[in-house]
Amino acid sequence: MPRYEKVRAVVVGSRPLGEADRIAVLFTREFGRADAVVKGVRKTSSRWGGRLEPFNVCDLVLFRGRSLFTVTSAQLVEMFKHLREEREAMTVAAVACEAAATLFAPGEPEAEAFALLEAALRMADKGVDGPALQAPLLLAALVQMLAEAGLQPALDACVVCGTEDGLVGFAAGRGGVVCARCLGDAAPLSPAALAALRAAARRPLDELAAAPPSAAVAEGVRHAHGLYSYHTGLRLRALRFARH
Ligand SMILES: [Zn+2]
């Protein structure tokens, strides 16, 4: 195994390490999530500048240590200037980053998920209308990231009996929609939220980025988040403080 790895990465987050260092949480195109030490980044004279700030896309050389990587060089590829200035856009970006960082087992190439994450950041950087939770872009980023991870919600037919009529519930534990007869303890699903989920799963991200915000989208986000939580055992922190 090579000791040095060249990767393209989105910086999805970071946490302090000791007095001067940080651990950068990266989502790489080459092998998914990687946590990497960035030495000296918290010193005012740091040679890293702002290159390893969250949401930036960088070309990195990583040294592969026993348990962690260390960033040995970083070149900025793309930075999204507006994301940090607009709370709703930042929430959309943070959800996409957090989903990418938590949905995929590390070590596998993730070219499609990486491209999706980059696209979501680029769209969010153009601005988000209304609250993030109601943004079709947020729902699409989450649903399409779930699909990349093999967790595409079933939206066409009841996951229990197969009927395509009267789909009135979403059963996260069963992976999709259910009809009235099979409802059980599934969450109620409105027709508008079903339509929003279907659009999020099927339409291109740039089309959805231009679609208007709605309460139906926010309901769709709740269901998609239910599916995410069922499979990962996690809740998306980026949604916790999102404005309704
Ligand atoms: Zn049914």
Side-chain angles (χ1 to χ4, degrees), residues 32 91-92 94-105 108 110 112-113 115-117 119-120 123 128 130-240 242-244:
T91 300
V92 171
V95 165
C97 283
E98 201 178 336
T102 50
L103 277 170
F104 302 91
E108 298 292 320
E110 299 294 355
E112 286 85 9
L116 173 63
L117 177 57
M123 300 289 160
V128 169
L133 280 179
Q134 295 191 9
L137 176 61
L138 186 149
L139 181 58
L142 182 53
V143 168
Q144 293 184 20
M145 201 62 87
L146 284 163
E148 287 296 344
L151 301 171
Q152 164 98 56
L155 301 170
D156 290 325
C158 174
V159 291
V160 180
C161 74
T163 183
E164 294 176 10
D165 302 318
L167 302 169
V168 296
F170 190 91
R174 292 177 177 273
V177 292
V178 288
C179 75
R181 274 186 310 163
C182 305
L183 191 57
D185 59 358
L189 173 71
S190 71
L194 176 57
L197 281 164
R198 285 175 171 169
R202 287 163 203 169
R203 287 170 57 192
L205 223 51
D206 54 348
E207 248 178 61
L208 290 157
S214 73
V217 167
E219 189 197 327
V221 171
R222 279 204 307 280
H223 297 306
H225 189 219
L227 187 60
Y228 167 89
S229 292
Y230 181 82
H231 285 280
T232 59
L234 304 169
R235 317 251 338 136
L236 288 164
R237 276 174 306 169
L239 286 180
R240 197 180 303 163
R243 197 161 58 88
H244 287 259

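In listed order, ligands and their atoms are each counted from 1.
Summarising the geometry, atom CG belonging to Leu151 is positioned 5.0 Å from atom NE2 belonging to His231; distances are rounded to the nearest 0.5 Å.
By the 6.0 Å contact criterion, CD on Glu207 is enclosed, its count of non-hydrogen atoms from other residues, nucleotides or ligands being greater than 12. Around the CZ atom of Arg202, the shell of radius 6.0 Å holds more than 12 heavy atoms that belong to other residues, nucleotides or ligands.
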Only pairs under 3.5 Å count here: list side-chain donor-acceptor contacts from residues 168-183, not counting sequence neighbours, and write none if there are none.
none

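Here the Zn ion (ligand 1) has protein N, O or S atoms under 2.8 Å from it, and they come to 4.
Side-chain contact between Leu208 and Leu137 is absent, with no heavy-atom pair separated by less than 4.5 Å. Side chains of Arg198 and Asp156 form a contact here, defined as non-hydrogen atoms less than 4.5 Å apart.
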